[in-house]
Protein chains: 2
Amino acid sequence: MGSIDSKTEEIIFRAARKVFTRKGFDGARMQEIADEAGINKALLHYYFRNKDKLFDRVFRDVVKSTLPQLIGIMNSDMPLFDKIRTFTSTYIDILSGNPEFAGFVFHELSRNPYRLLESLKESGPNLRVLENQIKEAALSGKIEYIPVTHLVVNMMSLIALPFIAQPVIMGMFSMNPEDFDAFIRERKELVPQTIIHSIIKRP
Amino acid sequence: MGSIDSKTEEIIFRAARKVFTRKGFDGARMQEIADEAGINKALLHYYFRNKDKLFDRVFRDVVKSTLPQLIGIMNSDMPLFDKIRTFTSTYIDILSGNPEFAGFVFHELSRNPYRLLESLKESGPNLRVLENQIKEAALSGKIEYIPVTHLVVNMMSLIALPFIAQPVIMGMFSMNPEDFDAFIRERKELVPQTIIHSIIKRP
DNA sequence: TGTACATTTGACCATCTGGTTAAATTATTT
DNA sequence: AAATAATTTAACCAGATGGTCAAATGTACA
């Protein structure tokens with residue numbers, strides 16, 4: 001139950017994820033998903049009752065394929081700076097492989113915030129670990145204190161926005177796709193550096 | 001030509017901007033815009049020929065009401081750190097007044113990147129000024145060198161993403177709308193601080 | 001006042017879109 | 001091989017949606 005067993009079902013699901021993440025719920029057409037999967041439109045409704053149900057499955061799948069990894073890193077007992085580096089690197093890798101994910105998730109959550117509760121709480125984020133690390137590092141004089149909220153949002157921002165703003169960035173800086181890839185690769189070094197420099201205590 | 005003269009036309013246009021920025025092109029309904037404007041649906045087509053044309057006007061209007069301000073600051077002869085502070089403050093103020101703008105622009109540009117050329121090049125961004133300031137400050141040992149691209153993207157990211165991710169942030173940190181407003185207000189101080197700390201040369 | 005012109009509306013149309021159904025095809029079981 | 005169940009399809013439907021049009025209303029002006 002809930003899982004994907006048949007071959008056809010998986011083909012359809014992959015097609016749906018592709019179309020939904022690219023075009024969003026409103027922009028996606030059931031016919032387009034059927035075409036992408038190379039099957040009849042009625043077969044969509046045979047396997048997934050309707051557009052909403054299919055979309056829900058896709059949305060959950062996207063969240064479940066990314067959030068747990070990131071939360072795992074956040075809740076680990078890694079030292080603070082390592083955590084920042086690993087989080088960045090992992091998140092950028094995920095989004096490099098699926099550049100539409102960030103825009104998709106944020107856009108759909110604005111369109112329909114109720115989904116947040118289910119999908120986020122399933123993966124249960126827990127910020128105490130990180131919060132304690134910050135407090136400890138601040139007390140011991142290693143870093144300037146910063147609220148967890150802002151630290152997490154800063155990391156999310158520096159990592160995710162470039163993917164959401166890809167066309168803007170490419171236009172603004174006259175980049176071609178290869179330039180953009182290189183730009184993102186540079187950020188795997190630059191983002192943790194930026195974050196750490198912004199909080200590290202200067203002598 | 002291109003401007004809005006009649007009273008009705010402006011009412012319709014405002015309604016369109018409201019609906020389009022909230023729901024996006026695909027999610028917006030001409031009927032909903034008509035209702036929002038309190039007029040007949042046929043009147044939409046009397047003033048603005050069709051959905052595409054109306055959307056185009058709205059999109060241009062949104063870009064034109066924000067980009068030039070920000071580009072003006074970027075191209076001014078303000079000292080680098082003041083520029084960072086002013087840019088952040090102005091951009092956050094704009095988005096506080098129109099929280100949907102960021103998500104709207106980025107989402108629609110991914111959906112239809114060709115529009116970027118027209119709308120961006122109309123406002124003609126010019127990064128030489130900022131680029132020279134960075135080089136100068138780096139040479140004089142005030143800051144660590146950073147490519148303009150990354151500096152600009154870092155600022156855009158730290159400022160814009162929180163608005164795009166509002167529901168995620170509110171959910172993740174159990175914020176209500178007032179909490180979120182306060183959080184954003186905090187960022188007017190924190191973002192320039194983050195940026196400056198990340199590049200300033202330590203002794 | 002009457003006439004030309006702009007504005008506004010209700011009714012209507014063609015097409016798109018999500019969804020259904022009954023029949024056909026294929027696989028499974030006995 | 002016959003019967004039963006699962007999978008797939010073509011054809012179809014109802015409602016939504018962008019868009020049109022002729023008539024009605026309002027406005028300016030001779």
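These values consider heavy atoms only, across backbone and side chains, with no hydrogens, waters or symmetry-generated copies. Per chain, numbering begins at 1; letters A, B, ... match sequence-line order. Computed from a prediction, not measured in an experiment: that's the story for all the values here.
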Task: Q31(A)/D35(A) under side-chain hydrogen bond (donor to acceptor under 3.5 Å, both in side chains): CA gap, chis, key distance, verdict - done: CA-CA 6 Å; Q31(A) 186 59 58; D35(A) 292 347; 2.9 Å; yes
Taking only N and O in the side chain of [X], is any of them less than 4.0 Å away from OP1 or OP2 of [N]?
{"X": "Y46(A)", "N": "dA6(D)", "result": "no"}
{"X": "R29(A)", "N": "dG18(C)", "result": "yes"}
{"X": "H45(B)", "N": "dG19(D)", "result": "yes"}
{"X": "T8(A)", "N": "dT8(D)", "result": "yes"}

*Please evaluate the base of dG19(C) for a donor-acceptor partner in the side chain of K51(A) within a cut-off of under 3.5 Å?*
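No pair found.
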Once you apply a heavy-atom cut-off of 4.0 Å, does A28(A) come out as touching a base, just sugar-phosphate, or nothing?
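If one applies the 4.0 Å heavy-atom cut-off, A28(A) turns out to touch the sugar-phosphate alone, with no base involved.
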Could you tell me how far apart [X] ([atom1]) and [N] ([atom2]) are, to the nearest whole angstrom?
{"X": "K23(B)", "N": "dT17(D)", "atom1": "NZ", "atom2": "P", "result": "10 Å"}
{"X": "M30(B)", "N": "dC16(C)", "atom1": "CE", "atom2": "C1'", "result": "16 Å"}
{"X": "Q31(B)", "N": "dG19(D)", "atom1": "CD", "atom2": "C1'", "result": "12 Å"}

Which nucleotide wins on minimum distance to the side chain of [X], given the candidates [options]?
{"X": "N50(B)", "options": "dG19(D), dG10(C), dT21(C)", "value": "dG19(D)"}
{"X": "K41(A)", "options": "dG18(C), dG18(D), dA10(D)", "value": "dG18(C)"}
{"X": "N40(B)", "options": "dA10(D), dG19(D), dT9(C)", "value": "dT9(C)"}

Given DNA chain C, 5'-ward residue of the pair A42(A) and D26(A), judged by closest heavy atom: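 In this pair, the answer is D26(A).
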Which class fits the ring pair F183(A) and H150(B): parallel under 30°, tilted 30 to 60°, perpendicular over 60°?
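Parallel: the ring planes of F183(A) and H150(B) meet at under 30°.
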* In terms of the angle between their ring planes, are F25(B) and F55(B) parallel, tilted or perpendicular, with boundaries placed at 30° and 60°? ->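 F25(B) and F55(B): perpendicular rings.
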Open item on the list: With a 4.0 Å cut-off on N to O distance, would you call R22(A) and E100(A) a salt bridge?
Closed with: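 Answer for the salt bridge query: no.
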